[in-house]
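Beneath this line is the structure, given in structure tokens, with notes to follow.
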Amino acid sequence: MQYSLLHAAFRGYRLLVRQHAHFIKRCYSGDIRNIGILAHIDAGKTTTTERMLFYAGKTRSLGEVHRGNTVTDYLTQERERGITICSSAVTFGWNGKRINLLDTPGHIDFTMEVEQSLYAVDGVIIVLDGTAGVEAQTVTVWTQADKHKLPRLIFVNKMDRPDANFEKCIDDLKTKLDAKPICLQIPTKNIDGQLGLYDVITLEHLTWEQKDFGRIYNKVKVESSDALRKLQDKRSELIDELSGIDDELAEVVISTESFDNVSNELIVQALRRATCNQKVVPVLLGSAYKNIGIQCLMDAVNAYLPTPGERNQIYNCFGNDLAGKVFKIVHDKQRGPLTLVRLIRGELKRGMRVLSSGGQAEVITKIYEPLADEYREVNSIQAGDVAICSGLKSTVTGDLLTTSHTSLKNAQKRYMQSRDTAAPPKDIENDDDDELDVSHELFSIEPKIPDAVYFCSIEPPSISAQTAMEQALKQLQREDPSLRVSYDSVTGQTVLGGMGELHMDIVKSRMLTEYKIDVDLGPLQIAYKETIEAPSKTTLSVEKEIAGSKQNVNITLELVNNQSELFSLDKSPENLQNLNALRPRILQVLRKGATAALERGPRVGGHVVDTQIRLHSITVGRGTADSFVMAAAAQCVQKLLSTSGTRLLEPIMTIQIVAPNERISAIMADLSRRRALIKDVAPKGDRNKQIFVNAPLAELSGYSSALRTISSGTASMTMQPCGFSEMNAVDESIAVRRAQGLD
Ligand SMILES: Nc1nc2c(ncn2[C@@H]2O[C@H](COP(=O)(O)OP(=O)(O)OP(=O)(O)O)[C@@H](O)[C@H]2O)c(=O)[nH]1
């Protein structure tokens with residue numbers, strides 16, 4: 001009896017899996033939704049994703065963040081810390097559509113990760129914590145979604161909590177994000193305080209059965225005259241607002257002369273158009289933890305977010321040729337490095353040869369459909385879909401995969417032609433920059449990797465583990481290009497550069513759990529850069545006998561201020577003959593040695609920037625080894641750096657603060673103590689102001705909690721690195737003393 005029950009359950013499960021696989025196979029691009037899920041930290045993205053997977057039949061039990069058993073937070077550190085580190089992709093079917101969903105990290109140190117994921121999606125769900133409204137990181141992800149022109153839905157989560165405030169969230173959306181929210185639901189609570197909701201479009205009351213983990217929910221037409229009247233008013237408001245944006249709906253309203261005669265289908269269609277054109281954001285609500293409202297959110301993804309074909313028109317220049325964007329690389333214990341690709345054009349097949357942006361040709365050995373760390377093998381994927389590929393060893397995050405150089409060149413040519421014919425003549429300078437940005441982004445010419453703002457040394461537990469550590473770091477770097485790894489030849493240490501303390505900490509934990517190397521991290525330091533104080537020129541002559549062979553180099557180099565070129569030849573008449581006789585190999589090693597010396601400046605070991613090395617002349621004795629030339633060039637640059645002297649450049653953060661009017665002066669006073677440069681203060685709605693400010697990272701330690709104290713928790717803030725800036729002499733000497741460990 002027990003056996004047959006088990007057997008039947010197993011057969012049922014296999015049937016479910018087969019049905020799912022069949023469904024996955026027959027999807028075409030119109031049936032696909034590639035979406036991201038973004039939020040401020042702890043708003044409930046992971047819990048929401050877990051519920052979606054459960055209701056879609058992809059998982060058979062509910063994962064909880066506090067129990068450390070969620071599908072998407074599958075890295076050990078994610079489970080231990082209860083936060084999302086790697087965006088992970090999950091695929092599930094919902095009402096005839098296939099949803100590829102990326103769960104992304106909410107912490108500021110992983111902004112790069114979110115940025116990369118946004119290349120792979122066509123729309124996003126932004127989760128708000130119903131008790132907190134729009135928070136600092138909500139503003140950041142909102143701005144990122146704006147940059148990628150992504151249509152979005154809002155899910156106001158945690159509405160089960162007594163301190164949740166739906167009205168405040170809507171108000172925040174309007175005032176802090178300048179959004180046009182369209183509320184599709186209204187929260188209600190029964191006498192036991194259990195959350196339910198009213199559907200503004202269908203005029204129904206929805207309640208969830210808790211005994212079944214919210215799988216079953218009831219919909220009943222609202223009968224009570226009071227509630228119905230309120231709801232009808234909301235429906236009319238919604239139609240009124242939408243018809244102001246959507247002409248088709250406006251025509252219907254005008255011709256029927258009433259809001260009541262507008263059908264639900266027409267509202268949904270109009271809302272879809274307005275959402276896809278980013279004119280409005282539909283707002284839904286619920287409680288992921290208490291299993292309320294998730295199915296409606298999934299319905300809304302299908303109904304309002306665009307299909308792959310509706311976006312990415314810009315990639316039309318590839319025609320039917322392959323174009324796939326690498327948005328993530330993960331390391332799987334059994335399968336090795338796996339590359340997550342969003343396929344924009346063409347078909348990706350197992351065994352196919354592809355070309356990465358770096359120009360390397362590689363073969364895709366296997367393709368999997370994504371379900372976090374569980375993958376199902378498939379033979380091919382179509383345009384619009386997301387795939388996990390194995391076999392790609394040199395691709396890095398941000399690469400564009402194509403089939404050949406010719407295909408890429410043709411696409412570039414077509415893109416330029418279409419741009420020239422379609423675009424009206426440009427008269428504003430910035431427009432050209434925008435255009436350049438788009439084409440660079442499109443063809444992955446210059447992926448934007450943020451400069452590291454912090455660094456620390458990393459040491460293996462023993463010398464024998466050094467190679468293993470370097471290998472592991474190489475892999476982590478492919479996965480996360482914002483992690484910088486360098487070698488400091490003076491201290492003999494490997495140095496990590498990154499976006500913050502958590503970023504480095506995660507590297508340490510991943511080294512231990514994934515690579516079994518217990519590394520030691522040195523103290524976290526601000527990554528200053530250096531630049532030369534004044535141009536200088538010198539000649540260096542070195543002569544040595546190594547293993548019986550005479551080595552000698554005579555070299556004249558100059559350092560000048562220059563932001564665009566790192567190395568140049570001074571072809572003035574007196575040097576022309578010497579430089580024309582220079583062998584390319586010597587030039588190559590000389591350049592390598594000289595530029596390597598710029599990686600460590602004399603003041604605090606910062607990277608020397610905005611500086612050009614100019615070669616005047618060089619003579620190399622017969623039989624002199626390349627390594628000797630390289631070392632001589634490096635020595636010559638080091639000599640120049642110490643004679644010319646360098647100034648420090650410190651990392652600057654751009655901060656955007658939204659706070660009530662009455663808190664602004666206190667915030668500004670505090671900012672001025674932090675050497676901040678106020679760029680702008682603008683009204684944000686009636687009650688708030690928005691402050692745009694640039695401030696040195698060195699002055700911002702613990703700033704978010706300081707802001708919370710000054711504003712009694714009423715202000716929200718986003719912070720991003722925005723470049724490096726010179727310092728005055730006093731601040732510079734403080735920074736040098738700190739960097740040398742004297743303060
Ligand atoms: N009361 C309540 N708690 C919730 C709800 N949703 C999530 N939580 C809790 O809030 C905490 C954060 O939830 P997560 O799902 O990890 O949030 P996240 O946005 O994925 O967090 P990060 O990945 O770290 O950015 C967990 O303790 C959840 O159990 C909800 O609807 N109601």
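Read the numbers this way: they start at 1 and go in the same order the structure lists the ligands and their atoms.
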Can K290 be said to touch ligand 1, with heavy atoms closer than 4.0 Å? no

For K176, is there any backbone N or O sitting under 3.5 Å from a side-chain donor or acceptor partner on D172? no

Min heavy-atom dist A43 to ligand 1 below 4.0 Å: yes

Return yes or no for this condition: an N or O of G44 is under 3.5 Å from an N or O of ligand 1. yes

Going by distance only, is there an N or O of A288 that falls short of 3.5 Å from an N or O of ligand 1? yes

Residues R235 and N264: side-chain donor-acceptor under 3.5 angstrom: yes

Contact check: D42 vs ligand 1, nitrogen or oxygen atoms, below 3.5 angstrom: yes

Give the numbers and elements of all ligand 1 atoms closer than 4.0 Å to a heavy atom of S287. 30 (C), 31 (O), 32 (N)

E237 side chain near C183 side chain, heavy-atom distance below 4.5 Å: no

Quick one, I655 with L700, criterion side chain to side chain contact (heavy atoms under 4.5 Å, CB included). Give me CA distance, side-chain angles, the key distance, then yes/no. CA-CA 10 Å; I655 315 170; L700 294 172; 3.8 Å; yes

Is any side-chain heavy atom of M52 closer than 4.5 Å to a side-chain heavy atom of L297? yes

Flag for R33-N302: side-chain donor and acceptor within less than 3.5 Å: no

Taking the inter-plane angle between the rings of W208 and Y217 on a 0 to 90° scale, is it parallel (under 30°), tilted (30 to 60°) or perpendicular (over 60°)? parallel

Side chain, backbone, both or neither: which part of R161 has a heavy atom under 4.0 Å from ligand 1? side chain

Side chain, backbone, both or neither: the part of D160 lying under 4.0 Å from ligand 1 by heavy atom: side chain

Compute the shortest N/O to N/O distance between T47 and ligand 1 and return yes if it is under 3.5 Å, no if not. yes

